[in-house]
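Here's the structure, in structure tokens; my notes come after.
Per chain, numbering begins at 1; letters A, B, ... match sequence-line order.
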Number of protein chains: 2
Amino acid sequence: MRISELAEASGVSLPTLKYYLREGLLMPGAATARTRAEYDGTHLERLRLVRALVESGGLGIAAVRAVIAALDDPPASPHELLGVAHHALPLPVEPIARSEEVVGWMHDLGWESCLRSPLLGALTRAVADVRAAGVPLPDTAVRAYAEAALRLAAVDVAIAARATSPAAALHTVVVGTVMIDPLIAILRRLAQEVESTRVLGA
Amino acid sequence: MRISELAEASGVSLPTLKYYLREGLLMPGAATARTRAEYDGTHLERLRLVRALVESGGLGIAAVRAVIAALDDPPASPHELLGVAHHALPLPVEPIARSEEVVGWMHDLGWESCLRSPLLGALTRAVADVRAAGVPLPDTAVRAYAEAALRLAAVDVAIAARATSPAAALHTVVVGTVMIDPLIAILRRLAQEVESTRVLGA
DNA sequence: CCGGTTGGATAGTGTCGCTATCTGGAACTC
DNA sequence: GAGTTCCAGATAGCGACACTATCCAACCGG
């Protein structure tokens, strides 16, 4: 299809398509002449990915480019997969130096495999920010959140394990990680309503 | 303290302080003269809240203003508390018309108390976006996510229940809801590493 | 009584994600 | 083959946002 058809099929405006081409978020079509190129389903798919990452995932253009670069260059072993995925993704908050407290939590939880993760710096920052905002956050609460997070992660891994190729698995993990965050945020708020009516009665 | 001292104590630049005053995010100090005002600990506290909401929570100025307005006007009953809190908070994604599917999920989960929530439109959108990005998302996965979300919410409610006044509870719920989202996102990624090494072996 | 700070107002900055326009050329239509 | 439509590539502009800078008159502290 031609670019105008791609615009119509994807719902993305033609100037925006050109912008994405310039920024390298969308690969060029097959040139059929010096002023004509042919686009296909892969372009449509890529566009859906880009729009989803930007709109629902809240990623910036540079972050989307990094994600795409990672997806185009999948690791050989499933072992490195998460590392590549998490490295391509921006952190939810700016990390600071990891605190003793969070390292202690990792030990308590038996999460020794995370001790080298740069995410611990982000976790330290997130906890500090919550407390700075005046919300009490005892050890037990973090522990409970972590245990619930493990259940979330079990679902994530189960979904990713169904992928048929490393490339597909990487796609699922990267996109799933960033796009399911808002899904979980919404489910959490709904669950708060459920839980609070349960606790407080009608 | 004077405004310049407030700037130094809070780490927020003086022009930014003036900006927050203009935007109504920071209440005016007690005027000691026509060109002099006195600020105190409450201003420092408010500033910490604003910075946390903006930097860690990712809220815009308008959203912060709405949150602050809600906090300054707490509801009488704990029953309305969540409604006020959720109403003041921006949705993680732009909602669309709720689908039959998500309504069905609410019934399956026994979450009938959510059937009127505007969050269902956002949930519909989030699910559609995940699928548009090419990640399979079966019923069972959403169900499992929802059950984990219920555990998260149980912790939220337990934290909020320890507040001593409706105003404090509202503060905890609003701030906790928006600021703990990134915390959960980070814990989820750490848990993914744990879970994947568990499943894939070393 | 005078240098330095303050409140209030207004204007400017940098970033981001597009959006609009221009140009030369190619393709389709009749 | 003339007329119309479309396209790639390049450049410039826009609107929102979160600040940031500057100016001025008032006023305090020494």
Quickly work out the [X] [atom1] to [N] [atom2] distance and round it to whole Å.
{"X": "R36(B)", "N": "dC27(D)", "atom1": "CZ", "atom2": "P", "result": "10 Å"}
{"X": "Y19(B)", "N": "dG14(C)", "atom1": "OH", "atom2": "C1'", "result": "14 Å"}
{"X": "L17(A)", "N": "dA20(C)", "atom1": "CG", "atom2": "P", "result": "13 Å"}
{"X": "R34(B)", "N": "dC24(D)", "atom1": "CZ", "atom2": "C1'", "result": "12 Å"}
{"X": "E23(B)", "N": "dA16(D)", "atom1": "CD", "atom2": "C1'", "result": "13 Å"}
{"X": "H43(B)", "N": "dT6(C)", "atom1": "NE2", "atom2": "P", "result": "15 Å"}
{"X": "E5(A)", "N": "dC6(D)", "atom1": "CD", "atom2": "P", "result": "11 Å"}
{"X": "R65(A)", "N": "dC16(C)", "atom1": "CZ", "atom2": "C1'", "result": "12 Å"}

Do the side chains of [X] and [Y] get close enough for a salt bridge, i.e. N-O under 4.0 angstrom?
{"X": "D156(A)", "Y": "R151(A)", "value": "no"}
{"X": "R189(B)", "Y": "D181(A)", "value": "yes"}
{"X": "E23(A)", "Y": "R65(A)", "value": "yes"}

So which nucleotide from [options] ends up closest to the side chain of [X]?
{"X": "R22(A)", "options": "dC28(D), dT19(C), dC18(C)", "value": "dT19(C)"}
{"X": "I3(A)", "options": "dT6(C), dA8(D), dC19(D)", "value": "dA8(D)"}
{"X": "A37(A)", "options": "dA20(C), dA8(D), dT6(C)", "value": "dA8(D)"}

[N] phosphate, OP1 or OP2: any side-chain N/O from [X] under 4.0 angstrom?
{"X": "Y39(A)", "N": "dA8(D)", "result": "yes"}
{"X": "Y20(A)", "N": "dC18(C)", "result": "yes"}
{"X": "T16(A)", "N": "dG17(C)", "result": "no"}
{"X": "T35(A)", "N": "dG24(C)", "result": "no"}

When rounded to the nearest 0.5 angstrom, what is the spacing between CD1 in I180(B) and CG in L137(A)?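 It comes to 5.5 Å.
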Gap between atom CD of E101(B) and atom CE of M106(B) - 0.5 Å precision: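 The CD atom of E101(B) is 10.5 Å from CE of M106(B), to the nearest 0.5 Å.
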How do K18(A) and E38(B) order along DNA chain C: which one's closest nucleotide is nearer the 5' end?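 On the 5' side of the pair lies E38(B).
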Closest-nucleotide mapping onto DNA chain D: is L14(A) or S13(B) further toward the 5' terminus? I mean the 5' end.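 Upstream on the strand: L14(A).
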Quick check: on DNA chain D, is the nucleotide nearest L21(A) upstream (toward 5') of the one nearest R51(B), or the reverse? Name the residue that is more 5'.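 Result of the comparison: L21(A).
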